[in-house]
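For reference, the structure discussed in these notes is given below.
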Protein chains: 2
Amino acid sequence: MSRPPLTRDEVLTAAAHLVKRHGPDALTMRRLAADLGTAVTSIYWHVGNRESLLDALVERTVADLGEIRPRGATPHARVVSVARALRRQLRAHPHLVAMVHERGLTERMFLPAQQALVREVHAAGLRGVRAADAVRAVQFLVVGHVLVERNRERSPVQRPGEGDLWGEQAEKDTAPGSDRALARALAAPVDPERVFTTSVSALVKSLLAAGT
Amino acid sequence: MSRPPLTRDEVLTAAAHLVKRHGPDALTMRRLAADLGTAVTSIYWHVGNRESLLDALVERTVADLGEIRPRGATPHARVVSVARALRRQLRAHPHLVAMVHERGLTERMFLPAQQALVREVHAAGLRGVRAADAVRAVQFLVVGHVLVERNRERSPVQRPGEGDLWGEQAEKDTAPGSDRALARALAAPVDPERVFTTSVSALVKSLLAAGT
DNA sequence: ACCTGAACACCGTTCAAGT
DNA sequence: ACCTGAACACCGTTCAAGT
């Protein structure tokens with residue numbers, strides 16, 4: 001009736017499973033122990049404490065993300081494709097993003113895309129500090145955007161929202177300089193995909209222009 | 001010896017005080033009750049539960065942020081100034097940012113700057129959907145950046161960091177196409193202020209170019 | 001209308017004790 | 001080396017009872 005000896009790896013796998021199925025909040029030491037069929041205190045022997053369990057979990061998941069391959073003919077298209085790929089990877093692991101952010105490890109989410117970005121920016125003719133600035137600008141934009149986007153999805157209804165604010169403006173007849181199409185666009189729900197595309201494309205365009 | 005009757009407002013003020021002095025984690029119902037000199041359960045009568053206490057707290061703090069006034073001569077300078085002002089406001093309330101984000105109310109952080117942005121973008125000649133896209137792009141960039149930035153500050157030492165990754169590259173002698181200045185720049189610690197300026201300026205430049 | 005203490009169902013963590 | 005149960009110091013929340 002006795003289970004085979006517990007391993008650190010087994011603990012991590014069970015933890016990952018728990019997070020994937022029931023969200024990060026479900027990952028309590030006691031529930032994890034129950035899933036594993038051991039005493040809570042056994043887990044402590046293998047992973048130290050909750051903090052380092054989460055650290056290890058984040059590390060493992062990030063390592064599994066996989067490489068990013070740029071696509072496209074122009075430098076602009078290739079850099080944008082890296083940004084899109086990074087966003088897609090992160091959005092495929094929403095719980096990971098939340099966990100990494102909660103633990104203050106946001107920088108960790110940068111690394112998978114960094115090599116690819118460096119190569120592309122260099123190929124586009126940027127050098128030295130200017131190239132580094134461009135890489136960082138894209139990284140911050142993508143990760144920041146994913147954080148904002150994920151967060152908006154978590155609580156879709158916001159109380160005094162843009163809709164209420166601009167909806168009435170869109171109805172009003174025009175004071176000089178007013179723009180009903182604008183008001184209507186702001187009253188409509190945000191399309192994050194669209195915002196992302198607009199932002200990345202615009203940002204990259206300016207950044208690469210500095211290289212020519 | 002009996003204290004005057006508790007009010008909802010008093011609860012919120014004490015909660016804000018607690019968060020400001022000891023961080024969001026210190027805001028427990030029990031500790032709050034202790035600070036107020038009442039029973040824990042009294043708080044529930046006034047604010048419902050912890051959820052709605054946090055909601056009310058966020059709402060109140062956001063309302064106190066104050067208006068944003070654009071500065072500068074050119075449209076570009078004025079939009080950038082709004083972005084900087086929003087960032088400064090948010091960074092002045094780090095706990096607020098954390099709380100708003102945790103509660104999935106990121107959109108809430110947009111609103112203070114939105115009117116100002118709309119006005120400036122319109123003045124720059126953008127109209128309708130295109131203007132709305134520009135406003136949103138700037139908003140997402142600023143809020144996303146602040147989230148990333150705050151988060152990096154929370155845990156300054158990251159284990160397999162950029163430094164380790166690029167530091168050795170900077171030492172190596174050059175494979176074809178390698179760029180030691182770039183490697184050195186990436187090995188150095190990030191200057192978020194610089195990244196922010198670069199990003200906003202580049203983004204706004206492209207966005208406004210579409211209006212002429 | 002407002003406050004209270006007791007109680008419930010949870011947490012993470014420590015520790016002495018087992019094999 | 002690995003596992004265990006008991007215990008500690010916390011949580012948020014409910015509820016019946018007080019004034």
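To find a chain, count down the sequence lines: A is the first, B the second, and so on, and within it residues start at 1.
What separates CD of A:E51 from P of C:dT13 is a distance of 8 Å, to the nearest Å. When rounded to the nearest whole Å, the span between CZ of B:R50 and P of D:dT13 equals 8 Å. Straight-line distance from the CH2 atom of A:W45 to the P atom of D:dC2: 4 Å, rounded to whole Å. In this entry the distance linking CG of A:L53 with C1' of C:dT13 reads 14 Å, nearest Å. Per the geometry, CD1 belonging to B:I43 stands 15 Å off P belonging to C:dC2, to the nearest Å. Note: CG (A:L27) to C1' (C:dG12) measures 12 Å, nearest angstrom.
Pairing of C:dA6, defined by two Watson-Crick or G-U wobble distances under 3.5 Å, is identified with D:dT14. Shown here, D:dA1 forms a base pair with C:dT19; the pair counts as Watson-Crick or G-U wobble because both key distances fall under 3.5 Å.
Closest contact between the side chain of A:Y44 and the listed nucleotides C:dG5, C:dT14, C:dC3 involves C:dT14. Taking only side-chain atoms of B:N49, from C-beta outward, the nucleotide of C:dT13, D:dT13, C:dC2 with the closest atom is D:dT13. Of all nucleotides listed (C:dC2, D:dT4, C:dG5), C:dG5 comes nearest to the side chain of B:A39. Distances from the side chain of A:T41 to the nucleotides C:dC3, C:dT14, D:dT13 place C:dT14 closest.
Each of B:L203, B:V138, B:L141 was compared with A:S199 under the side chain to side chain contact (heavy atoms under 4.5 Å, CB included) criterion, and only B:L203 meets it.
The side chain of B:H46 places an N or O atom within less than 4.0 Å of a non-bridging phosphate oxygen (OP1 or OP2) of C:dC3.
Across residues 28-35 of chain A, A:R30 each have a non-hydrogen atom less than 4.0 Å from an atom of DNA chain D (numbered order).
Donor-acceptor pairing under 3.5 Å is lacking for the side chains of B:R136 and A:T198. Looking at A:S52 and A:N49, their side chains do bring a donor and an acceptor atom within 3.5 Å of each other. A side-chain donor from one of B:R60 and B:T13 sits under 3.5 Å from a side-chain acceptor of the other.
You'll find the side chain of B:Q89 stays beyond 4.5 Å of the side chain of B:M109, heavy atoms only. For the pair B:L54 and B:R50, the minimum side-chain heavy-atom distance is below 4.5 Å.
B:F140 has its ring centre no less than 6.0 Å from the ring centre of A:F196.
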